[in-house]
*Asks:* 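The following block contains the structure, expressed as structure tokens.
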Protein chains: 2
Amino acid sequence: MPANAPSRPAYHHGDLRKQLIAAVRDLVESHGPDGFSVAEAARRAGVSSAAPYKHFKDRPTLLRAVASEAMDRLRDCMEVAAAQHPRGSLEAVAAIGQAYVDFARTGHGVFRLVFGLTEGHEDAPELKEKGRACFGVVLQATAACVGKSGFDPDVQHRAYILWTAVHGHSFLTIDHKTDVLSTLVDDNTYMMTISRRILAE
Amino acid sequence: MPANAPSRPAYHHGDLRKQLIAAVRDLVESHGPDGFSVAEAARRAGVSSAAPYKHFKDRPTLLRAVASEAMDRLRDCMEVAAAQHPRGSLEAVAAIGQAYVDFARTGHGVFRLVFGLTEGHEDAPELKEKGRACFGVVLQATAACVGKSGFDPDVQHRAYILWTAVHGHSFLTIDHKTDVLSTLVDDNTYMMTISRRILAE
DNA sequence: GTCCTAAGTAAGCGACACTCACTTCAAGTC
DNA sequence: GACTTGAAGTGAGTGTCGCTTACTTAGGAC
């Protein structure tokens, strides 16, 4: 019977890789991107502190795996959000932005990780590719909105501006920098304002 | 002879606090915000690894001192940039944005430090105050441009949008995320585009 | 000169990243 | 069913780090 007995503490873990990623995700979320340790992740998974190194070359590699998985989720969120509005509408663009901010807010540790990982990770084609995929969602919505191709430089320029604005808003929000304002910023009006102003004409 | 001989290694350093901050600034710049160690900073200053703790409570406090000094510099840069253009002009606003990006680009380690320091630093009124001062520069220029008071909610909203855009652009630039674009983004056109579009009407 | 105190030291603790030699065990191969 | 193999684990060890403690130095006030 090759079916694994439910609760026998097997010598071989069987699913360590996935469980380590989950543990790191939790740790990063609760203690920040550098508040996590490989040792603690191993402890949570119930293995020795040397075990993770059978699955990940080193600490940065493990972090990168978490970031990679997060970027997949981010793209999914944006696509789902866009799909709930008419293609080419301002609302679709705004919804993508809202999904981005929501992603940052509900997982600011991981969000910070994804965008703070560039120190020793210049050579990460996988992450770069996923970044491209994420921007692709914005680009497509922008293109549909102004009625041009995504290859059009004007479309790229506008999509990039929208990205920077939403990205900046996300970071300043999770950094609590928004309290320099005397009036609160409402996500929805923010998104509609920038969409309208950047995509106008 | 109380005059200190030029190269005598004095027991009392005399200027350790400042020198530590400088060393940390260098380390953060070359190895990233968490690629620095108190021990290494002490080594560079030529003192024992325990000496820094006579001047700074712990590692985060030391980092905060570096961030604080950097925020002063950032505000100075923005003010100088703004002063070189007519008060109330779009160019003044764009120049402030350019100064912000330049600051990020020439010191991306410290820039990342300033805006990634919010993990255990919620209770840092000094940093919060300096952040307010920095935003004040943007707010004043925006107010002058639209001809209203800085207390006006509309002005605050627009200034905030400008800030988020420039902030996002800065981060995405130093993170090398801009190569998802097939056409390069020119800082100057970027700044003028957002200034025009956000401050129009 | 004497005391006080800020500013340094050396030594040590626990935690960490990572390595190395070893062990376990599931899955072939015969 | 015994034999081999190799992926996935262990435990002990190294060097570094953050930080503390007890001690030392030296400059200034009196």
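All chains are named by letter (A, B, ...) in the order of the sequence lines, taking the proteins before the strands, and each is independently numbered beginning at 1. Scope of the values below: all heavy atoms of this structure, side chains included, with no hydrogens, waters or symmetry mates.
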*Asks:* Please evaluate residues A:Arg25 and A:Glu69 with respect to the criterion salt bridge (Lys or Arg N to Asp or Glu O under 4.0 Å), reporting the C-alpha separation (whole Å), side-chain torsions for both, the decisive distance (0.1 Å), and the verdict.
*Replies:* CA-CA 10 Å; A:Arg25 196 196 310 125; A:Glu69 180 251 21; 2.9 Å; yes

*Asks:* For A:Leu16 and D:dA8, give me the distance from atom CG to atom P, rounded to whole Å.
*Replies:*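 That distance rounds to 10 Å.
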
*Asks:* Using a distance-only test with no angle check, is there a side-chain donor-acceptor pair under 3.5 angstrom linking B:Gln98 and B:Asp102?
*Replies:*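 There is such a pair between these side chains.
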
*Asks:* Starting at atom CZ of A:Arg59, determine the distance to atom P of D:dC17, rounded to an integer number of angstrom.
*Replies:*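 From A:Arg59 CZ to D:dC17 P: 14 Å.
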
*Asks:* Using whole Å, what does the distance between atom P of nucleotide D:dA8 and atom NZ of A:Lys18 come to?
*Replies:* 14 Å

*Asks:* Tell me whether the side-chain N/O atoms of A:Arg43 come closer than 4.0 Å to OP1 or OP2 in C:dA15.
*Replies:* no

*Asks:* Whole angstrom is fine here: how far is it from CG in B:Leu20 over to C1' in C:dA7?
*Replies:* 12 Å

*Asks:* Go through residues 48-56 of chain A and report each residue with a non-hydrogen atom lying under 4.0 Å from DNA chain D, sorted by number.
*Replies:*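 A:Ser48, A:Ala50, A:Ala51, A:Lys54, A:His55, in order of number.
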
*Asks:* Assess the residue pair B:Arg132 and A:Asp179 against the criterion (salt bridge (Lys or Arg N to Asp or Glu O under 4.0 Å)); give the C-alpha distance rounded to whole Å, side-chain angles, the decisive distance to 0.1 Å, and a yes or no.
*Replies:* CA-CA 9 Å; B:Arg132 209 178 296 273; A:Asp179 42 9; 5.7 Å; no

*Asks:* Atom CG of A:Asp34 and atom P of C:dA17: how far apart are they, to the nearest Å?
*Replies:* 12 Å

*Asks:* Between P on D:dG18 and NZ on B:Lys57, what's the gap in Å once rounded to a whole number?
*Replies:*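 That distance rounds to 14 Å.
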
*Asks:* Considering the options A:Val93, A:Thr164, A:Val166, which one meets the side-chain contact (heavy atoms from CB on, under 4.5 Å) requirement together with A:Ile194?
*Replies:*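 The residue from A:Val93, A:Thr164, A:Val166 that satisfies side-chain contact (heavy atoms from CB on, under 4.5 Å) with A:Ile194 turns out to be A:Val166.
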
*Asks:* Less than 4.0 angstrom from a charged side-chain N to a carboxylate O is my criterion; do A:Arg64 and A:Asp58 meet it?
*Replies:*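 A salt bridge is absent here (no side-chain N lies under 4.0 Å from a carboxylate O).
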
*Asks:* Would you say A:Arg197's side chain and B:Arg197's backbone share a donor-acceptor pair under 3.5 angstrom?
*Replies:*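 Such a contact is found between A:Arg197 side chain and B:Arg197 backbone.
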
*Asks:* Give the rounded distance in Å between these two atoms: CG of A:Leu27 and P of C:dA17.
*Replies:* 11 Å

*Asks:* Grab the CG-C1' distance between A:Asp15 and D:dA7 for me, whole Å please.
*Replies:*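 So the two atoms are 15 Å apart, to the nearest Å.
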
